[in-house]
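Just so it is clear, the structure is predicted and the values come from calculations on it, not from any experiment. Throughout, protein chains are lettered first and strands after them, A, B, ... in sequence-line order, and every chain is numbered starting at 1.
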There are 2 protein chains.
Amino acid sequence: MSNEQALRQYDVKKYRTPDGYTSDIAVFTIRSTRNEMFKPPTMELHIMLIKRSMVDNEGRPNIEAGKWALPGGFVGPDETAYQSAARELKEETGVDHIHLQHYGVYDAPGRDPRGWIISNAHYAIVPEHQLAHRQANDDASEVELFSVEDVLQLDLAFDHAEIIADAITVIRHKLLETTVAKEFLPAEFTYSELQAVLLTVTKDSAIALDAAFARKIKTLPFIQEITGKKTTRTSKKPAQLYRFVDVEVNSSIYHARK
Amino acid sequence: MSNEQALRQYDVKKYRTPDGYTSDIAVFTIRSTRNEMFKPPTMELHIMLIKRSMVDNEGRPNIEAGKWALPGGFVGPDETAYQSAARELKEETGVDHIHLQHYGVYDAPGRDPRGWIISNAHYAIVPEHQLAHRQANDDASEVELFSVEDVLQLDLAFDHAEIIADAITVIRHKLLETTVAKEFLPAEFTYSELQAVLLTVTKDSAIALDAAFARKIKTLPFIQEITGKKTTRTSKKPAQLYRFVDVEVNSSIYHARK
DNA sequence: CCAATAGTGTCTATGAGACATTATCTA
DNA sequence: TAGATAATGTCTCATAGACACTATTGG
């Protein structure tokens with residue numbers, strides 16, 4: 001096979017190669033202020049950041065020490081950036097099998113002072129209760145949740161201000177244009193719980209008005225009523241429970257919604 | 001500044017680094033079979049591929065020689081993958097300032113026999129007439145357009161079958177969920193021309209039925225009627241011309257279309 | 001006048017949006 | 001019973017979708 005001959009003659013050093021390949025993860029969670037019983041929750045979208053340690057795990061001064069940054073790390077040669085992100089997310093937060101998706105590549109020359117380092121940005125959705133036992137690792141002295149309203153005011157490492165801003169834009173769109181809202185909710189939820197999730201990213205009246213939204217949820221093809229099943233966790237009057245169903249969502253700008 | 005101290009001590013060889021960083025470009029064009037005068041065009045979506053040369057530019061046997069592949073090449077340290085794609089697109093086809101967008105990263109271990117090589121996939125939209133003077137370069141012995149219906153039957157290099165399949169999925173969605181259809185059309189177009197573009201990716205009746213679509217185009221917020229301007233290039237009866245306007249398109253699955 | 005495409009008339013059904021009203025439960 | 005949330009009733013208006021019909025023009 002002539003490919004083998006070509007490979008023997010191929011010089012892998014022919015082109016200059018990157019100095020590093022990393023994954024970063026924007027971990028989103030929604031904090032519910034469920035202050036009272038029998039009340040629908042008020043929700044606010046948060047992002048998890050780490051504060052970079054002053055010294056690395058070998059005791060030397062750390063790059064961008066003391067600044068807030070997205071969790072992440074270097075990708076190895078035997079994994080994809082996505083697998084690396086999943087692994088790091090588990091190391092960082094202890095959570096596994098959660099919604100994780102790639103959304104961008106950051107490779108502008110000079111973005112990292114250490115050299116030519118390419119970062120793959122991912123976003124993850126973690127229900128708040130799963131973040132309970134999050135922990136700091138070697139690179140991170142602190143782990144904290146910040147409201148997406150405030151996070152860009154922080155002193156952020158590298159080009160993470162840009163990566164975070166993009167993540168927020170992406171999740172705002174995804175929440176409204178796909179069914180990822182599902183990932184923030186329990187398997188069975190009331191209309192007011194879904195509404196609270198969506199209200200973290202929009203103030204649109206069609207979603208904000210209770211009567212309109214309670215009626216609309218019954219017509220959405222990707223949401224199914226669980227007939228006969230109700231809960232009183234959001235009100236004294238038992239509220240109908242719904243679940244997401246896996247149907248393809250058509251969001252064509254030229255079609256009518258079916 | 002302590003970052004400088006940290007940098008001096010930073011060992012750039014601490015992690016194993018990729019053997020290469022490349023950009024690939026899925027160039028889409030629509031071929032119009034405008035066989036007769038006074039007829040709306042029939043359109044078919046095509047993708048441009050190159051046939052990899054048997055030998056490289058130094059006369060040595062080429063990797064994946066003779067197979068069809070996406071155009072692309074290695075990214076340099078002083079450019080982004082996007083800039084590299086734009087540059088290569090210009091070298092390959094001579095076209096400049098066209099719609100180009102990143103849509104995926106391909107970094108599965110073993111995807112390229114030459115080593116750990118990461119590819120950034122982009123799609124580009126080039127109006128057919130601009131592809132007139134496309135040319136083969138060192139790596140490519142032939143350049144050809146293939147219908148998206150047939151392209152996956154070819155013997156494709158590397159993991160390009162996957163990259164191309166993803167590109168086709170992406171452009172199908174983008175054509176219906178964004179206003180990129182604009183990039184395939186002249187600045188001023190008739191309803192039947194836009195309809196023909198959309199029919200390359202959907203058979204939906206709301207788009208396929210003339211009367212419905214002719215009426216709908218007037219209500220779309222991102223399309224504007226050019227009052228008083230008509231053309232007879234698609235029929236004997238003069239047809240109204242339209243243009244795209246830059247407005248934000250809301251494609252929320254929970255909202256009504258406004 | 002024919003053929004072909006562009007575009008309108010008309011009807012029905014559905015659903016958005018607004019606002020009022022009813023239902024259900026606990027403290 | 002008060003108060004809160006859930007859910008429905010009712011009205012108006014807009015538009016999707018279907019199908020028939022009219023308009024315009026070159027050959």
Check: With respect to the phosphate group of C:dG17, does any side-chain polar atom (N or O) of A:S205 fall under 4.0 Å of OP1 or OP2?
Finding: no
Item checked: Residue pair A:K218 / A:Y242, side-chain heavy-atom distance below 4.5 Å -> yes
Checklist line | Nucleotide nearest A:A239 when distance is taken to its side chain, options C:dT8, C:dA18, D:dA7 | finding: D:dA7
Note to self: Please determine whether side-chain contact (heavy atoms from CB on, under 4.5 Å) holds for the pair A:T29 and A:L45, giving the CA-CA distance in whole Å, both sets of side-chain angles, and the decisive distance to 0.1 Å.
What the structure shows: CA-CA 6 Å; A:T29 197; A:L45 188 60; over 6 Å; no
Check: Out of D:dA7, C:dA6, C:dA16, which has the shortest distance to the side chain of A:K216?
Finding: C:dA16
Item checked: Qualifying residue for salt bridge (Lys or Arg N to Asp or Glu O under 4.0 Å) with B:E188, from B:K230, B:R233, B:K229 -> B:K229
Notebook entry, point to check: Just how far, in rounded Å, is P of C:dA18 from CD1 of A:I207?
Noted result: 14 Å
Notebook entry, point to check: Tell me: CZ of A:R233 to C1' of D:dA4, nearest whole Å?
Noted result: 18 Å
Item checked: Shortest side-chain distance from B:R215, nucleotide among D:dT8, C:dG9, C:dT5 -> C:dG9
Next item on the list: Could you state the atom-to-atom distance from CZ of B:F213 to P of C:dT5 in whole Å?
Entry: 17 Å
Considering only nitrogen or oxygen atoms on both sides, find all protein atoms under 3.5 Å from nucleotides 12-14 of chain D and state each distance.
none

Check: How long is the line joining NZ of A:K218 and P of C:dA16, in whole Å?
Finding: 12 Å
Checklist line | A:R243 with A:E225: basic N within carboxylate O range, under 4.0 Å | finding: no
Item checked: Nucleotide C:dT8, atom P - distance to CD1 of B:I217 in whole Å -> 12 Å
Margin query: For B:Y82 and A:D107, which I'm curious about, is there any donor-acceptor pair between the side chains at under 3.5 Å?
Written below: no
Notebook entry, point to check: Is there a side-chain contact between B:V27 and B:L145 (heavy atoms, below 4.5 Å)?
Noted result: no
Check: Do other residues, nucleotides or ligands put more than 12 heavy atoms under 6.0 Å from B:D96 CG?
Finding: yes
Checklist line | Residue that, paired with A:I30, satisfies side chain to side chain contact (heavy atoms under 4.5 Å, CB included) out of A:E128, A:M43, A:E44, A:H46 | finding: A:M43
Item checked: Gap between atoms CD and P, on A:Q240 and C:dA23 respectively (whole Å) -> 18 Å
Next item on the list: Walk me through it: do B:F184 and B:F28 pass the test ring pair (Phe, Tyr, Trp, His ring centres under 6.0 Å)?
Entry: CA-CA 9 Å; B:F184 284 113; B:F28 288 103; 7.7 Å; no
Notebook entry, point to check: How about B:Y254 and A:D204: does a side-chain donor come under 3.5 Å of a side-chain acceptor?
Noted result: no
Next item on the list: Sugar-phosphate atoms are those with a prime plus P, OP1 and OP2; base atoms are the rest. Using that split, label each nucleotide of nucleotides 20-27 of chain D B, S or - for protein heavy atoms under 4.0 Å, 5' to 3'.
Entry: ---BBBB-
Check: Under 4.0 Å between a side-chain N or O of B:Y191 and OP1 or OP2 of C:dA6?
Finding: yes
Check: Which is true for B:T190 with a 4.0 Å heavy-atom rule: it touches a base, it touches only sugar-phosphate, or it touches nothing?
Finding: nothing
Checklist line | Between C:dA6 (P) and B:E193 (CD): distance, integer Å | finding: 9 Å
Margin query: Taking the minimum atom-to-atom distance to the side chain of A:T219, which one of D:dG17, C:dA16, D:dT5 wins?
Written below: C:dA16
Margin query: Rounded to whole Å, please give me the gap between CG in B:L220 and P in D:dT15.
Written below: 11 Å
Check: Between A:S235 and C:dT24, is there a side-chain N or O to OP1/OP2 distance below 4.0 Å?
Finding: no
